[in-house]
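Atoms considered below: every heavy atom in the structure, side chains included; atoms not considered: hydrogens, waters and symmetry mates.
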Amino acid sequence: MRIATWNVNSIRQRLEPLLAWLKECSPDIVCLQEIKCVDEAFPRLEIEALGYNVVTHGQKTFNGVALLSKLPFDETKSGLAGDDEDAHARFLEGVVTLKRGVVRIACLYLPNGNPADSDKYPYKLKWMSRASGVCASAAQSGRATGAGWRLQCHSSSQDVYNPAAWVNDALFRTATRESFQSLLGLGLTDALRAVSDTPGQYTFWITRPAPGRRTGPAHRSFAAVAAGQRPARGCRDRQLCRAWEKPSDHVPVWADLDLETA
DNA sequence: ATGACTACTCCCAGTAGA
């Protein structure tokens, strides 16, 4: 089973590249982040025409996540448990039946958390803690679990082009990395790193220049994290997507898991 | 260097992203 994840940065801006990529990569399940639209505005018909079942958890203007699956969803659930006040559309999960057993797929768009001295950072850490709770209970259910994450975390300096520029960034702070490690400790595998520890496998490109940050490939904020104790068989990002006429600032990442879909 | 880009929105100057 191939599970993919992609921060599209507006589904309406990225529909044509998405359709072309779905045809070529043919993932069984896709987690999309930053669809930036309400559910009614999501171009589901075009995607369904390629054989995907579509479920969305959108909101106006910002955030928003979607799950695409060649297999029908047995159940889906929107929103991350643990805070009724949280209105951000950042979490969506679904369960599909495989040849043997079922798999639970979660699509996560973590809060960025910057500026790190604002209230956005505690929101990020709390969100990660809530995600840990959800992952822990899912792990206890005994179902295989896969997840496509927009990580918003750097696990090591290998993940960034210029480590010195990220020291105090919300993505790289000690508390962020510790929280991410505790998530991995639940039995998840960072699929991109499981296949290769080569530095420089960036998945995000800076397009907005800022002091101390040149434009260009910047960091790996992002992975098809997957597992249920199963290591990823194959996984790679796809820098070629940056060559498209209207690229996202992120490229897709995917993992091939040892799960038979039919 | 008070910036630079891209996408959104009560349609266009303000906000957010990372």
Side-chain angles (χ1 to χ4, degrees), chain A residues 5-18 31-43 56-66 86-91 107-128 131 148-177 179-180 192 200-223 225 237 239 241-253:
Chain A
T5 180
W6 190 9
N7 190 107
V8 290
N9 189 5
S10 172
I11 186 64
R12 285 173 288 185
Q13 294 294 322
R14 223 65 60 201
L15 181 59
E16 290 307 317
L18 173 67
C31 303
L32 300 177
Q33 299 89 22
E34 272 200 291
I35 62 173
K36 287 189 170 178
C37 67
V38 293
D39 294 334
E40 300 74 46
F42 191 88
T56 63
H57 179 40
Q59 74 178 81
K60 197 174 176 180
T61 311
F62 307 119
N63 308 321
V65 287
D86 184 3
H88 290 199
R90 297 178 174 277
F91 184 88
C107 177
L108 296 88
Y109 174 46
L110 265 70
N112 175 278
N114 280 311
D117 58 357
S118 73
D119 56 4
K120 291 184 177 181
Y121 190 58
Y123 169 67
K124 175 194 186 82
L125 291 180
K126 187 181 177 195
W127 203 98
M128 292 179 76
W149 290 21
R150 170 72 196 288
L151 286 176
Q152 301 276 30
C153 303
H154 301 140
S155 55
S156 81
S157 58
Q158 283 188 329
D159 292 337
V160 295
Y161 181 82
N162 178 10
W166 295 89
V167 169
N168 288 312
D169 194 278
L171 279 64
F172 198 68
R173 284 195 164 193
T174 302
T176 305
R177 281 182 284 161
S179 185
F180 178 54
L192 197 58
Q201 301 184 77
Y202 306 122
T203 67
F204 168 74
W205 274 249
I206 287 180
T207 56
R208 175 174 61 109
R213 293 189 188 176
R214 69 192 240 313
T215 56
H219 64 81
R220 180 190 76 106
S221 172
F222 194 35
V225 175
D237 62 1
Q239 309 199 351
C241 295
R242 283 291 305 164
W244 285 336
E245 190 173 336
K246 287 178 71 175
S248 170
D249 46 359
H250 300 269
V251 297
V253 169

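- Partners of Asp39(A) according to the salt bridge (Lys or Arg N to Asp or Glu O under 4.0 Å) rule, which considers only residues two or more places apart in sequence or in another chain, do not exist here.
- When the P atom is compared between dA18(B) and dC8(B), the two are found 14 Å apart, to the nearest whole Å.
- Across the protein-nucleic acid pair, Asp249(A) atom CG and dA4(B) atom P stand 17 Å apart, rounded to whole Å.
- Taking atom C1' on both dA4(B) and dG17(B), the two are 15 Å apart, rounded to the nearest angstrom.
- Within the 3.5 Å criterion, the main-chain N or O of Asn112(A) finds a donor-acceptor partner in the side chain of Lys124(A).
- Legend: residues meeting salt bridge (Lys or Arg N to Asp or Glu O under 4.0 Å) with Lys126(A), ordered by chain and number and at least two apart, are Asp83(A).
- Between the OH atom of Tyr123(A) and the C1' atom of dA18(B) there is a distance of 15 Å, rounded to whole Å.
- Atom CG of Asn112(A) and atom P of dT15(B) are 19 Å apart (whole Å).
- For the C1' atoms, the distance linking dC10(B) with dT15(B) amounts to 15 Å, nearest Å.
- Taking atom P on both nucleotides, dT2(B) is separated from dC12(B) by 30 Å, rounded to a whole Å.
- Classified by interplanar angle (parallel below 30°, tilted 30° to 60°, perpendicular above 60°), the ring pair His250(A)/Phe204(A) is tilted.
- Here Tyr109(A) reaches the OP1 or OP2 of dA18(B): one of its side-chain N or O atoms lies under 4.0 Å away.
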Give me the distances for all protein-to-nucleotides 6-13 of chain B N/O pairs that come in under 3.5 Å?
residue: dC8(B); atom: OP1; partner: Ser10(A); partner atom: OG; Å: 2.5
residue: dC8(B); atom: OP2; partner: Gln13(A); partner atom: NE2; Å: 3.1
residue: dC10(B); atom: OP2; partner: Lys60(A); partner atom: NZ; Å: 3.2

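- The residue Lys120(A) sits close only to the backbone: its heavy atoms come under 4.0 Å of sugar-phosphate atoms, none of a base.
- Remark: the backbone N or O of Pro247(A) is paired with a side-chain donor or acceptor of Arg14(A) at under 3.5 angstrom.
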Can you list the steps and then say if Lys36(A) with Asn9(A) is a side-chain hydrogen bond (donor to acceptor under 3.5 Å, both in side chains)?
CA-CA 7 Å; Lys36(A) 287 189 170 178; Asn9(A) 189 5; 2.9 Å; yes
